[in-house]
Asker: 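Here you go, one structure.
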Amino acid sequence: MEDRYKNTNLYQGGREANQVSDDYRYQDGNYEGYAPNDGYYRGGDEPAQEEDAQSDVTEGHDEDDEVYEGEYQGIPHPDDIKEKQKKRAPAVADEYRDRADLMAERMEDEEQLAHQYENIIEECGHGRFQWTLFFVLGLALMADGVEVFVVGFVLPSAEKDMCLSSSNKGMLGLIVYLGMMAGAVVLGGLADKLGRKKCLTISLAINAAFAFLSSFVQGYGFFLFCRLISGLGIGGTLPIVFAYFSEFLSREKRGEHLSWLCMFWMIGGIFASAMAWSIIPHYGWGFSMGTQYHFHSWRVFVLVCSLPCVASLVALKFMPESPRFLLEIGKHDEAWMILKQVHDTNMRAKGEPERVFTVSYIKTPKQVDEFIEIQSSTGTWYQRWLVRITTTFKQVWDNVLYCLTAQYRMNTLMLAVVWFTMALSYYGLIVWFPDMIRYLQEEAYESRVKIFDEEEVSHFTFNFTLENQIHRNGEYRNDKFIGMKFKEVRFEDSLFEECYFEDVTSSETFFENCTIISTVFYNTDLYEHKFINCRLINSTFLKEKEGCHLDFEEDNDFLIYLVSFLGSLSVLPGNIISALLMDKIGRIKMIGGSMLISAVCCFFLFFGNSESAMIGWQCLFCGASIAAWNALDVITVELYPTDKRLLEEARRATAFGILNGLCKFGAILGNSIFASFVGITKVVPILLASSALVGGGLLALRLPETREQVLM
C-alpha cells in the first residue's frame with residue numbers, strides 16, 4: 001500500500017503517470033469510485049457527453065487544456081471511455097479466463113468490425129481510388145494469364161533450339177503449373193501473415209526476375225528452373241489480388257467489380273497470342289555470339305511477356321496496404337489514415353473536396369495468444385531469423401490445416417471439388433483443342449505426301465528443299481546434296497554410292513534400311529540416330545553441326561496463335577454478362593448454370609471433325625465457362641474471413657491459395673490425361689470433361705450464397 005501511494009503521488013502531475021496509477025488502482029479493485037484528475041469521470045454513473053465536448057479527429061486537449069492539432073492523433077473517442085474501462089480488468093486477467101470465453105469475445109468483435117468496416121467503405125465511396133487500384137491489380141492478373149500461355153507458344157521453337165526430347169517437352173509444359181501450384185499455397189498463406197501489398201510485391205518481383213532471366217539462359221535445365229521459379233512467383237498473385245481488391249469494395253460493388261477484374265486474365269491471353277503471332281515467326285529478330293549463344297525470336301517473345309508484371313510491380317509501389325488487414329494486426333492509426341486517403345481521393349474526384357471523413361474510432365478485435373517479437377539481443381542473427389521464419393511457416397501451415405476443421409470443412413471440401421472439376425475439364429480441353437487441330441493438320445499433311453519408287457539419279461546436284469516425300473528402293477550415284485534442307489523426308493531401302501552431303505539441315509528426316517558406300521557428310525545435322533538399320537561402308541562424317549537449328553517455320557504456327565487468340569477473345573461476352581448479373585442472380589446460380597452449359601457444349605465436340613468446327617466449339621466452351629470461373633473467384637473471397645489470428649481462423653488469401661493450388665493440380669492432370677488421347681479417341685476426353693462439369697456444377701448449388709454477406 002505504501003508503494004502504491006508513493007507511485008501515485010510522485011507522478012501526480014503527468015497524464016502518463018496518472019494513467020499508470022489509475023490502472024494500478026483499478027486492478028486492486030478498492031478504488032472503483034475514485035475520479036483522477038484527467039478530465040474523465042470513471043465512476044459507475046458516467047454522465048452523457050455533450051455534443052461539443054466530443055473528440056475531433058484532428059484535435060485533442062492536454063491536461064492544461066491547450067489545443068494541439070495534427071493529422072490524426074489516435075485519441076480514443078470519449079464515448080468509448082466507459083467501454084474501455086470495462087475491458088481493462090478482463091484484459092489483465094485474460095490468462096485466467098476460459099479460452100472459449102476469449103474466443104467468443106473475439107468473434108463478437110470480428111462481427112462488429114465487419115459491419116463497421118462495411119459502413120466505412122460505403123462512406124469512402126467508390127471512385128478514383130478503386131479504379132486506380134483496379135488497373136494496378138489488373139496488370140498483375142494479366143501477368144498471370146500471360147504466364148499460362150508463354151510456354152505453349154515457345155515450345156515448338158524451343159524444342160528445336162534446345163534439342164528437346166518428347167519427355168523434356170512434356171516437363172516444360174507442366175513445370176509452370178507445378179510452380180504456380182506451390183506459389184498459390186505458400187504466397188497466399190504468407191499474404192495473411194505479412195500483408196497483401198508486401199506479398200504481392202514479392203510474387204511479382206520473383207516472376208519478373210526469373211522470367212527475364214529465362215529469356216537469356218541457353219541450357220534446358222536452367223531454363224526449366226527459371227520457368228519453375230517464375231511460375232511460383234506468379235502463382236501467388238491470383239489469391240492475393242482478389243483478397244486485396246475485395247477489401248476496398250463495399251458489398252453492393254464487390255461481385256460486379258471482382259468480375260470486371262477477371263477480364264484482365266483474358267487480356268493477358270490476348271496479349272500473349274498477339275505477341276507470339278507478331279514476334280516468334282520472325283526468326284531473324286535476334287542475335288548470336290559465336291556458335292554457343294543464340295538469342296532467337298522466341299526469346300524476345302519471352303522478354304516482352306514479362307512487361308505486364310514489371311508494370312504492375314512499379315505501379316504497386318504507389319498503392320497502400322489493405323486497411324482491413326492492418327486493423328486485424330492492431331495497426332489502427334495506419335488503417336485510419338489509408339481509409340481517409342481513400343475517402344479524400346474519391347471525394348476530390350467527385351468535386352466534393354469539402355466532405356469530411358467522419359470516422360474517428362474503428363473497432364479492433366481482441367488479440368489472443370499473440371506471438372512475442374524476438375529481441376535483437378536474443379541469440380545470433382541467423383538464430384533470430386530462423387525463429388521468425390519457422391514461426392511464420394508454422395502459422396501458415398496451421399492455418400492451412402484449420403481450413404479443414406469443423407467450422408470450414410464442408411465449405412472447403414465442396415469448393416475444392418468444384419475448383420478441381422472445373423480446372424480438370426477447362427485446362428484439359430484448352431490443351432486438347434490445339435492438339436486436335438494440329439493432329440487434323442498433320443493428317444491432311446500426310447495425305448499429300450509424295451512417294452517416289454525405284455528412282456535412279458546420278459551425277460546430279462540437289463540444292464533445293466525436299467519436303468513431305470518418301471523415296472523407296474532408289475539408287476543415287478555420284479550425287480551432291482549441297483546447301484539444302486530436308487523436311488519430313490524418308491529414304492527407305494535405297495542405295496547411296498560415292499555421294500557428297502554438305503551444309504545440309506534436316507527436320508523429321510530418316511534413312512531406313514539403306515546402304516551408304518564411300519559417301520562424305522560434311523557440316524550436316526544427319527546424326528547417327530537418323531540412320532535406322534543402315535549399312536555404312538567407307539563413309540565419313542566431318543564437322544557435324546553442333547546444337548539444334550531452327551530453320552523451318554511451321555505453316556500451322558499461324559493457326560495455333562489464331563486459335564489461342566480467338567479462345568481468349570471469346571470469353572469477353574461471358575465476362576460482361578457475369579459482371580452485370582453477378583449481384584442479381586447470385587454466385588451459386590452463376591457457377592452451377594455456367595458449368596452445366598459448358599458440359600452441354602462438350603457433347604457438341606463429337607461433331608468437330610474439321611479445324612473450323614473445333615475452333616468454333618472451343619470459343620463456345622470458353623465463353624460459357626468463364627462465368628463459373630468469375631463466380632468461383634468471388635465466392636471464395638467472401639466465404640472466408642480476414643482474421644489476424646492465424647491459429648484461430650481460416651483466412652481469405654490462405655484459403656484462396658489452397659483452392660487455387662488444387663486448381664493447378666487439376667490443370668496438370670487435365671493436360672496429361674487429355675493430351676494422351678489425341679489421335680486415339682475423342683470419346684474419353686469429352687465424357688470426362690462433361691461428367692466433371694456436371695458433377696461440379698450440381699455440387700456448387702449446395703454452397704451457401706454470399707451475395708448479401710458483409711466481408712468478414
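It should be emphasised that the depicted structure is a prediction, and the values quoted were computed from it without experimental measurement.
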Asker: Without swapping roles, check the side chain of S215 against the backbone of F212 for a donor-acceptor pair under 3.5 Å.
Answerer: yes
Asker: Run Y476 and H471 through side-chain contact (heavy atoms from CB on, under 4.5 Å) and show every step you take.
Answerer: CA-CA 11 Å; Y476 305 90; H471 299 262; 3.4 Å; yes
Asker: Hey, mind stepping through Y500 and F521 against side-chain contact (heavy atoms from CB on, under 4.5 Å) and telling me if it holds?
Answerer: CA-CA 6 Å; Y500 182 74; F521 297 87; over 6 Å; no
Asker: For the residue pair M142 and P308, what are the closest heavy atoms and their distance?
Answerer: CE-CG, 3.9 Å
Asker: Count the heavy atoms belonging to other residues, nucleotides or ligands that lie under 6.0 Å from CD of E443, then report whether that count exceeds 12.
Answerer: yes
Asker: Do N468 and K450 make a side-chain contact, defined as non-hydrogen atoms from C-beta onward lying under 4.5 Å apart?
Answerer: no
Asker: Do L605 and L429 come close enough that some side-chain heavy atom pair is under 4.5 Å?
Answerer: yes
Asker: Do the side-chain N and O atoms of W419 and N660 include a donor-acceptor pair separated by under 3.5 angstrom?
Answerer: no
Asker: Just checking F242 against W629, ring centres under 6.0 Å apart?
Answerer: no
Asker: Donor-acceptor pair, distance only, cut-off 3.5 Å: does the side chain of T421 make one with the backbone of V418?
Answerer: yes
Asker: Kindly state each residue pair satisfying side-chain hydrogen bond (donor to acceptor under 3.5 Å, both in side chains) with at least one member in residues 220-233, sequence neighbours excluded.
Answerer: E147-R227, E147-S230, N207-S230, S214-R227
Asker: With the side chain counted from C-beta on, respond yes when L572 and M266 share a heavy-atom pair under 4.5 Å apart, and no when they do not.
Answerer: yes
Asker: I'd like to know if the side chain of D479 reaches the main chain of T461, judged simply by a donor and an acceptor atom lying under 3.5 Å from each other, with no hydrogens or angles considered.
Answerer: no
Asker: Answer yes or no: does atom NZ of K480 have more than 12 heavy-atom neighbours from other residues, nucleotides or ligands under 6.0 Å?
Answerer: no
Asker: How about M436 and K682: do any of their side-chain heavy atoms sit closer than 4.5 Å?
Answerer: yes
Asker: Can you tell me how far apart CG (L204) and OG (S312) are? Round to the nearest 0.5 Å.
Answerer: 4.5 Å
Asker: Of all heavy-atom pairs between G657 and P239, which one has the smallest distance, and what is that distance?
Answerer: N-CB, 3.6 Å
Asker: Between the side chain of S690 and the main-chain N/O of L687, is any donor-acceptor distance below 3.5 Å?
Answerer: yes
Asker: T237 side chain to G235 main-chain N or O, any donor-acceptor pair under 3.5 Å?
Answerer: no
Asker: Does any non-hydrogen side-chain atom of V176 lie less than 4.5 Å from one of L228?
Answerer: no
Asker: For the atom pair CD1 (I686) and OG1 (T681), what is the distance rounded to the nearest 0.5 Å?
Answerer: 8.0 Å
Asker: Could you go through Y426 and W432, starting from their C-alpha distance and side-chain angles, then the distance that decides it, and tell me whether this counts as ring pair (Phe, Tyr, Trp, His ring centres under 6.0 Å)?
Answerer: CA-CA 10 Å; Y426 179 83; W432 185 74; over 10 Å; no
Asker: Can a donor-acceptor pair be found, under 3.5 Å and without considering hydrogens, that links the side chain of T519 to the backbone of I517?
Answerer: yes
Asker: Please check if the side chain of S539 supplies one atom and the backbone of L536 the other of a donor-acceptor pair under 3.5 Å.
Answerer: no
Asker: Kindly say whether the aromatic ring centers of F531 and Y527 come within a distance under 6.0 Å.
Answerer: no
Asker: Which of parallel (below 30°), tilted (30 to 60°) and perpendicular (above 60°) describes F511 and F491?
Answerer: parallel
Asker: Measure the OG-CG distance between S570 and N575 for me, rounded to the nearest 0.5 Å.
Answerer: 10.0 Å
Asker: Side chain of S203, backbone of T201: donor and acceptor closer than 3.5 Å?
Answerer: no
Asker: Nearest heavy-atom pair of V304 and I279: which atoms, and what distance?
Answerer: CG2-CD1, 3.9 Å
Asker: Just so I know, are the side chains of F621 and L693 near enough to count as touching, which here means a heavy-atom distance under 4.5 Å?
Answerer: yes
Asker: Taking all non-hydrogen atoms of both residues, which atom of I206 and which atom of G233 are closest, and how far apart?
Answerer: CG2-CA, 3.9 Å
Asker: Quick one: closest heavy-atom pair of A311 and L139, and the distance?
Answerer: CB-CD1, 4.0 Å
Asker: Does the separation of the ring centres of Y177 and Y427 fall below 6.0 angstrom?
Answerer: yes
Asker: Determine whether D633 and F656 make a side-chain contact, defined as any pair of heavy atoms from C-beta on separated by less than 4.5 Å.
Answerer: yes
Asker: Counting only heavy atoms from other residues, nucleotides and ligands, does the tally under 6.0 Å from CZ of F452 exceed 12?
Answerer: yes
Asker: Under the 3.5 angstrom rule, does the side chain of S625 hit a backbone N or O of S598 as a donor-acceptor pair?
Answerer: no
Asker: Taking the six-membered ring for Trp, are Y522 and F501 ring centroids under 6.0 Å apart?
Answerer: no
Asker: I'd like to check R299 versus F216 (side-chain heavy atoms, cut-off strictly below 4.5 Å). Are they in contact?
Answerer: no
Asker: Which distance, rounded to the nearest 0.5 Å, do you find between the CG of L141 and the SG of C262?
Answerer: 6.5 Å
Asker: Evaluate the side-chain contact (heavy atoms from CB on, under 4.5 Å) criterion for residues E512 and R472: first the C-alpha distance (whole Å), next the side-chain angles of each, then the deciding distance (0.1 Å), finally the verdict.
Answerer: CA-CA 10 Å; E512 294 185 14; R472 294 171 178 163; over 6 Å; no
Asker: Does the pair K197 and L200 meet the rule for a side-chain contact (heavy atoms from CB on, under 4.5 Å), with working shown?
Answerer: CA-CA 5 Å; K197 178 183 176 181; L200 184 57; 5.8 Å; no
Asker: May I ask you to decide if F245's main-chain N or O and R196's side chain share a donor-acceptor pair within less than 3.5 Å?
Answerer: no
Asker: Got a second to check how far K487's NZ is from E467's CD, nearest 0.5 Å?
Answerer: 4.5 Å
Asker: Look at the aromatic rings of F153 and F149 and report parallel, tilted or perpendicular, splitting at 30° and 60°.
Answerer: parallel
Asker: What distance separates M180 CE from K664 NZ, expressed to the nearest 0.5 Å?
Answerer: 4.5 Å
Asker: Before you tell me yes or no, could you show the steps for S506 and K485 under side-chain hydrogen bond (donor to acceptor under 3.5 Å, both in side chains), namely the whole-Å CA-CA distance, both residues' side-chain angles and the distance that decides it to 0.1 Å?
Answerer: CA-CA 6 Å; S506 62; K485 299 177 182 179; over 6 Å; no
Asker: Can you see which heavy atom on A140 is nearest to which on V241, and at what distance?
Answerer: CB-CG2, 4.0 Å
